[in-house]
Amino acid sequence: MRKRKNIIYSFTALAMLALVGTGCKKFLDVNKNLNSPTNVPISLLLSGAERSIGNATALGSTLGGVTSVYTHQTIGRVAADRYGGTTDGTWTSMYNAITNLNVIIARGTTESRFAYVGIAKIMKAYAYSVLVDIFGDIVFTDHDKFSEGVVAPKFDKGATVYPKLFAMIDEGIADLNSTAVQPSKPAADDYIYKGNLANWIKAANTLKLKMYNQVRLVQDVKAAVTALLATPASLINQQSENFILPYGPNGTTDDRHPGYGDYNATQRGGQLFSPWMYEIMKGTNPGILTGIADPRLPYYIYNQKLPGAAPENCTEYRDGGFVTIWFGSNGNCRDGSNSATYSLLGIYPVGGRYEDGAGKSITALGGGAVAGTGALPHTFISYADRLFIEAELQQAGVVTTGTARASFAAAIDASFNQMEYYITTYVKPGTAGAPQTVPSIAATTAAATTYKAAVLAAFDANPGKQLELIMTEKWINRIENPFDNYNDYRRTKFPVLFAPAPEGTVSSVTAPDGKVTPVSNDKKYPWSLPFNTNEIALNPNAPPQKIPESFKVFWQP
C-alpha cells in the first residue's frame, strides 16, 4: 500500500516537472495542495488523528469486530467466526493517523506548540503499541520517510519497538510540562481531554502501567510498576480522568459510536451478543461465576422479542427474549433473516437501548435513529482498567504492596461506576427519539453490592481461580474495547473461552430452549493477526505473510 502511494506521488511530481520545466516554481506555488497534512492546521490534524485511532480500535471497527469474536463477546455471520478474518483497515488507519501525528510533532516543535507535541507523542505511542500487540512486527523506524528516499520500509521486531515507546511517552510528558510561551494550546480540538494537560499526563503514566503489565512475562517490570503505583495521583484515579474518545448523537454529522450501526441496519447478524458471554453473565456457565447473576446484563443487550413471541425465521440460540447464534455454527438456522428478532448490543456497549422488557423491535420504534443515542464513548484506558491491572500485578506477585483482593474489589466498583458515568454523562437515554428512563447501576446500588459480595466470596473460596476471576471481570467490563481482552487472553489464557469442538471435528451444543446445533472449528486460535495484505504484496522489504496460529507477539508466553 505504502509503496504504491509513493510511486504514484513520484510519477506525478516528475510529470509536472516535465510539463512546466524551469518555470515551475510559480506554478507550484499557485497550485499548492491545501489538503496536504503539512498545510492543514495542527488543531484539525489532532482532532482527526484522535478520531481515526478511536474508530480503528472500538467495538464496531474492523479490529474491534474481529477481536470481540475471538474473545467470544460477540458473534456473527462474519469471517472472524471460526477464527478467520483480517484487519487490513486497522493497519491503514493507524498509520495514516501516525503520519498526521508526525506532522503535529514536527510543526509543533518548530512553532513552540509543545502541548500539541506532547499529546501527539502520547497518541503515537499508544497507536504503535496497538500495532505491535496485534501484529508483532511492524514498520517503525522507516515509516513516513518517503522524503528521505525510503520507498520500501523495513519491518522492526516488536521487542525492539516497545522500549522506544516508553521513551516516546516520557518525551511527551516532558513536552506537556514545558514552561515555554506557546502561541496556542489544545482546547475543543482535543476531543479526548479538551486540553486538560494534567489528565493527559495521567493517561500517559497509566498507558505505561498497561504496557509494563503487557510485557511482565518476558522482562522484570517490578521496579517500574512499583514506582508508578507508589504515586497514584500520577495515574487515572477517577471516572472524569478516563482516557476516552467521546461520541455524540446523530446531528449535522453522524458522530455515533461505531458499534451502534446495527440499530440503523436493515440486515442484522454480523454483530450479535455471544451465548458464551451471555451465560457467564447470567450465572449459568458451570466453570466460572456459577450461580452469580450479573445485574449489568440488561444494559449489555436489548431484546427485540418477548419470551414466546414468534421469530421471523427459526432460531438456533434462544433464552426467552434473548436470541443469537453460536460460534462455529453449522446449523440450518444460522443464516436465516432475523433482523427484527435478534437481540442487539445494548446501552453500554454501543449507546443503544436498555433492556426494559417491552419486547419492541427497533423498526416498531420508528427506526434506528430513535433507538438510543449512540453516544457511548470509546475507552482507551479507564480507572477500572487501571485497578484490574493493579489486581493482576499483585496476584502475580509483581507488586508486593497492597492486596489483589482490595484492588479487585475496587475494580468491580469502578466498573459499575464507569457504566453509570457513561450512561448519565454521555449516552443520556432520556434525550433519545424514543427516550428511556434507565435505572442506576452505580456501585452503591443493592444489585451491584450483592453481585460484588458474591464475586469476592468466590475469590476467597477458590485461590486457584483468583487470576481467572480478575481477568473474567475485566473481560466483562472491557466489552467496548475487545482488543485489550484479546491481549489479556494471549498473555494469561483467561478468561476461558468457548471451545465448540477440536479443530476439524463437529460437535453439538444445546440452547436453553432445547435447540441442538452442530458446531465446528476450522482453525487453531490465532496468536496474532495477519500482516496487511497490500503491504506484503507491494513492499519488497516486508516479511512473508505469517501463520497467525503460530506467530506469537514477543510478550506472549
Would you call P526 and Y70 a side-chain contact if the rule is heavy atoms closer than 4.5 Å? yes
Drop me the distance from F388's CZ to S407's OG, to the nearest 0.5 angstrom. 10.5 Å
Tell me, please, whether W527 has K493 positioned over its six-membered ring: NZ or CZ under 6.0 Å from the ring centre and within 45 degrees of its axis? yes
Should K474 and D488 count as an ion pair when the cut-off is N to O under 4.0 Å? yes
State, yes or no, whether a side-chain contact exists between R113 and I104 at a heavy-atom distance under 4.5 Å. no
Chi angles and distances behind the salt bridge (charged side-chain N to carboxylate O under 4.0 Å, His left out) call for R478, D385: CA-CA 8 Å; R478 289 298 272 160; D385 297 330; 3.1 Å; yes
Ring-plane angle category for Y422 and Y348, please: parallel below 30°, perpendicular beyond 60°, tilted otherwise. parallel
K164 side chain near V161 side chain, heavy-atom distance below 4.5 Å: no
From M277 atom CE to N285 atom CG, the distance as rounded to the nearest 0.5 Å: 12.0 Å
Starting at CG of N102, measure out to OG1 of T99 and round the result to the nearest 0.5 Å. 6.0 Å
Below 6.0 angstrom between ring centroids: does that apply to W475 and F494? no
Within this structure, what is the CD1-CG distance for the pair I122 and L101, rounded to the nearest 0.5 Å? 11.0 Å
Under 3.5 Å side-chain donor-acceptor pair for Q73 and S68: no
What distance do H378 atom NE2 and I192 atom CD1 have between them, rounded to the nearest 0.5 Å? 9.0 Å
Are any of the side-chain nitrogens in K546 or D137 under 4.0 Å away from the carboxylate oxygens of its partner? no
V139 backbone acceptor or donor facing D156 side chain under 3.5 Å: no
Side chain S234, main chain T231, donor-acceptor under 3.5 Å: yes
Below 4.5 Å, heavy atoms only, C-beta onward: do Y212 and L393 meet side chain to side chain? no
For Y278, which residues count as a side-chain hydrogen bond (donor to acceptor under 3.5 Å, both in side chains) partner, sequence neighbours excluded? D319
What distance separates T160 OG1 from F155 CZ, expressed to the nearest 0.5 Å? 12.5 Å
Any pair with a residue in residues 54-70 that passes salt bridge (charged side-chain N to carboxylate O under 4.0 Å, His left out), sequence neighbours left out, goes on the list, sorted by first then second residue, please. none
Donor-acceptor contacts under 3.5 Å from residues 165-175 side chains, at least two apart:
from: D170; atom 1: OD1; to: K208; atom 2: NZ; distance (Å): 2.8
from: D175; atom 1: OD2; to: K121; atom 2: NZ; distance (Å): 2.9

Are the side chains of Y95 and L131 in contact, using a 4.5 Å heavy-atom criterion? yes
Is the closest side-chain heavy-atom distance between I98 and K124 below 4.5 Å? yes
Assess whether atom NZ of K523 is packed by more than 12 heavy atoms of other residues, nucleotides or ligands within 6.0 Å. no
Pair D294 + R296: basic N to acidic O under 4.0 Å: yes
Hits for side-chain hydrogen bond (donor to acceptor under 3.5 Å, both in side chains) against Q271, two or more places apart or cross-chain, chain-then-number order -> none
When the side chains of residues 42-49 are checked against the rest of the protein, which donor-acceptor pairs come out under 3.5 Å, sequence neighbours left out?
from: S47; atom 1: OG; to: S43; atom 2: O; distance (Å): 3.2
from: S47; atom 1: OG; to: D189; atom 2: O; distance (Å): 2.6

Heavy-atom side-chain proximity of S274 to T74 below 4.5 angstrom: no
Does some side-chain heavy atom of R256 sit less than 4.5 Å from a side-chain heavy atom of Y247? no
Check the angle between the aromatic planes of H143 and Y128 and answer parallel, tilted or perpendicular using the 30° and 60° thresholds. perpendicular
F243 backbone acceptor or donor facing Y193 side chain under 3.5 Å: yes
Has R491 got its NZ or CZ under 6.0 Å from the middle of the six-membered ring of Y489, at an angle within 45 degrees of the ring axis? no
E473 bridged to K465 by N-O distance under 4.0 Å: no
Show me the donor-acceptor pairs within less than 3.5 Å that the side chains of residues 548-557 make with the rest of the protein, sequence neighbours left out.
from: S550; atom 1: OG; to: I547; atom 2: O; distance (Å): 3.3
from: K552; atom 1: NZ; to: P557; atom 2: O; distance (Å): 2.9
from: W555; atom 1: NE1; to: D133; atom 2: OD1; distance (Å): 2.9
from: Q556; atom 1: OE1; to: V553; atom 2: N; distance (Å): 2.7

Checking the side chain of R107 only, and the main-chain atoms of V103 only, is there a donor and an acceptor separated by less than 3.5 Å? no
With no hydrogens and no angle check, is any side-chain donor or acceptor of D220 less than 3.5 Å from a backbone partner on K222? yes
Say whether S61 and N55, considering side chains only, have a donor N or O and an acceptor N or O under 3.5 Å apart. no
Exactly one of N242, T206, N237 clears side chain to side chain donor-acceptor pair (under 3.5 Å) with R386, and that residue is N237
Using only atom types and a distance under 3.5 Å, with no angle test, would you say the side chain of E241 pairs donor to acceptor with the backbone of I236? no
Within 45° of the axis and under 6.0 Å from the centre of the six-membered ring of F327, does NZ or CZ of R82 qualify? no
